[in-house]
Asker: 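Below is the structure I would like to discuss, written out as structure tokens.
Because only heavy atoms are used, hydrogens play no part in the values below, and waters and symmetry mates are left out as well, while side chains stay in. Please read all numbers here as calculations on a predicted model, not as lab measurements. Indexing begins at 1, ligand by ligand and atom by atom, following the structure's order. Residue numbers count from 1 along this sequence.
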Amino acid sequence: MQTTNDTPKENKIVYSAIQPTNIVTIGNYLGAIKNWVALQYDYDCFYSVADLHSLTVYMEPATLRKNILDLYAMLLACGIDTNKVSFFKQSSVVEHSQLAWVLNCYTYFGEARRMTQFKEKSTNAFTGFIQQVGDVFNIKERNTSTVVGRDNVNVGLFAYPILQAADILLYNAGHVPIGADQKQHLELSRNLAERFNSRYSPTFVVPEVLIPKVAAKINSLDEPTKKMSKSNTNPNSMILLIDEDDVIVRKIKRAVTDSDGNIENSDKKPGISNLLKIYSAFMDCKVDNAVAEMQGKTYSQFKSILADVVVSKIRPIREKFVELRADKQYLQDCMDSGAEKAKLVASKTMNKVYRKIGIQ
Ligand code: TYM
């Protein structure tokens, strides 16, 4: 596994999570999940479906229930082995919410407000909501300063990274495999751990990020300067792990490139560079090697080679997913036993924290 930092030897605990907001994209897979799978052989890993985090965006209860099982099954299909890791639903371990509240009280308003994801998401929530209101009432000129719109930016969205810090700190995780978009949240987790440790006494491990070198940020296929996101409303912007072979081929063929025809990795060519990144991440090679391999090929030849690679990697995951998803009871049992294992560690940390701050 290639990452941006060397892994310190002493701490062997890993934590990471993913929100059940939609079906997983190759961005999630290459940026995070692939590393989760690789780490499970040598580390003590805790992974969760971050259902509490997903409440920051409204979802129908039945959809959320379905998404949780879909995501759990998908991660098993990607290779997460419940005999090796504790893999659970975040809300089943109540200590996540308990520690989040304590950490809320140690986070300055200003530092939470500086989180760029909050700024982006609150702007999107606000304009998205105003657009919906406009569409429903067929309003052409939109007044974006209505109180109703502002109400849609909930406090959970603001406190989101603090719950994320609680997730990580509960397990004394030294390593957090994530994509580049989560780096700032990790900084906050580190600051909170250090602040708590210095105010009381050493309690939390200060976690390190594990960001993959090549796939730190996989970009959208239609707007290759933006991150590929599972919440994007354009299905052609992303490849999902449940996409059928022909859908994958079509999406890659449609991917935005440029008109000069040279296969190069450069900021001036975001479309081709993104496709090179996807190719290299699936093939576990350096981008420079992929560029050398593709020299002399046309964009269309490159896209067809890439499509074959992506199809061959995703097809077994999709097929395994379908098989696992059919057995709801098995998924539920795995989730429950994962939560039991996680709770053993989480409750110890929580007791320690309550004792240190003086409420126990
Ligand atoms: P989420 O659900 O948005 O994404 C899950 C993981 O996928 C990575 N990722 C990407 N990596 C590369 N390219 C992309 N286009 C791309 N899109 C997503 C994300 O960086 C992430 O690692 N806040 C987290 C969930 C979370 C968490 C945690 C993570 C909750 N608690 C504690 C780590 C530790 C999130 O929204 O992930």
Asker: Using a 4.0 Å cutoff against the non-hydrogen atoms of Val176, which atoms of ligand 1 qualify?
Answerer: 33 (C), 34 (C)

Asker: Closer than 4.0 Å to some heavy atom of Lys227 - which atoms of ligand 1 meet that?
Answerer: 14 (C), 15 (N)

Asker: Numbering the atoms of ligand 1 from 1, which are under 4.0 Å from a heavy atom of Tyr15?
Answerer: 32 (C), 34 (C)

Asker: If you have a sec, work out which protein heavy atom is nearest atom 25 (C) of ligand 1 and how many Å separate them, to one decimal?
Answerer: Ala17 O, 3.5 Å

Asker: Under the side chain to side chain donor-acceptor pair (under 3.5 Å) rule, what do Gln164 and His185 come out as? Steps first, then yes or no, please.
Answerer: CA-CA 7 Å; Gln164 185 163 346; His185 289 173; 3.1 Å; yes

Asker: Among Lys313, Lys251, Arg315, which one satisfies salt bridge (charged side-chain N to carboxylate O under 4.0 Å, His left out) with Asp245?
Answerer: Arg315

Asker: Answer yes or no: is there an ion pair linking Lys226 with Glu223, defined by an N-O contact shorter than 4.0 Å?
Answerer: yes

Asker: Looking only at the aromatic ring of each residue, does the gap between the centers of Phe88 and Phe46 stay below 6.0 angstrom?
Answerer: no

Asker: Judging by distance only, is a nitrogen or oxygen of Asn219 under 3.5 angstrom from one on ligand 1?
Answerer: no

Asker: Tell me whether Tyr160 has any N or O atom under 3.5 angstrom from an N or O of ligand 1.
Answerer: yes

Asker: Where does Ile33 meet ligand 1, judged by heavy-atom distances below 4.0 Å: at the side chain, the backbone, both, or neither?
Answerer: neither

Asker: Can you report which non-hydrogen protein atom sits closest to atom 1 (P) of ligand 1, along with the distance?
Answerer: Lys230 NZ, 3.8 Å

Asker: Quick one: do Asp44 and Lys12 make a salt bridge, cutoff under 4.0 Å?
Answerer: no

Asker: Given Gln182, Gln164, His185, which one has a non-hydrogen atom that is nearest to atom 21 (C) of ligand 1?
Answerer: Gln182

Asker: Got more than 12 heavy atoms from elsewhere within 6.0 Å of NZ, Lys269?
Answerer: yes

Asker: Are any of the N/O atoms on Ala180, whether in the backbone or the side chain, positioned under 3.5 angstrom from an N/O atom of ligand 1?
Answerer: no

Asker: So, 4.0 Å and heavy atoms of Gln90: is ligand 1 close enough to count as a contact?
Answerer: no

Asker: Does the N or O separation between Ile18 and ligand 1 drop below 3.5 Å for any pair?
Answerer: no

Asker: Under 3.5 Å between any N/O of Asp181 and any N/O of ligand 1: does that happen in this structure?
Answerer: yes

Asker: Is the Phe87-Tyr72 ring centre distance short of 6.0 angstrom?
Answerer: yes

Asker: Any nitrogen or oxygen of Lys217, main chain or side chain, under 3.5 Å from a nitrogen or oxygen of ligand 1?
Answerer: no

Asker: At under 4.0 Å between heavy atoms, is it the side chain or the backbone of Asp167 that contacts ligand 1, or both, or neither?
Answerer: side chain

Asker: Only heavy atoms of Ala32, strictly under 4.0 Å: list the atoms of ligand 1 that pass.
Answerer: 6 (C), 7 (O), 22 (O)

Asker: Please determine which of Leu169, Leu170, Leu163 meets the side chain to side chain contact (heavy atoms under 4.5 Å, CB included) test together with Asp167.
Answerer: Leu163

Asker: Centre-to-centre under 6.0 Å for Tyr47 and Tyr15, is that the case here?
Answerer: no

Asker: Measure the distance from atom 13 (N) of ligand 1 to every protein heavy atom, then report the residue, atom name and distance (to 0.1 Å) of the closest one.
Answerer: Ile218 N, 2.9 Å

Asker: Is ligand 1 less than 4.0 angstrom away from at least one heavy atom of Ala216?
Answerer: yes

Asker: Please check if the side chain of Asn197 supplies one atom and the backbone of Thr203 the other of a donor-acceptor pair under 3.5 Å.
Answerer: yes

Asker: Would you mind running through ligand 1 and noting each atom that sits below 4.0 Å from a heavy atom of Gly31?
Answerer: 11 (N), 12 (C)

Asker: Salt-bridge test for Arg325 and Asp70: reply yes if a basic N is under 4.0 Å from a carboxylate O, no otherwise.
Answerer: yes

Asker: For ligand 1, which atoms have a heavy atom of Ala215 less than 4.0 angstrom away?
Answerer: 12 (C)

Asker: Hey, looking at atom 10 (C) of ligand 1, which of Pro177, Gly27, Ala173, Ser48 has the closest heavy atom?
Answerer: Gly27

Asker: Does Lys89 come within less than 4.0 Å of Asp336, counting only side-chain N to carboxylate O?
Answerer: no

Asker: Any idea which of Ile168, Val14, Asn28 brings a heavy atom closest to atom 9 (N) of ligand 1?
Answerer: Asn28

Asker: Is there a donor-acceptor pair under 3.5 Å between the side chain of Thr63 and the backbone N or O of Met59?
Answerer: no

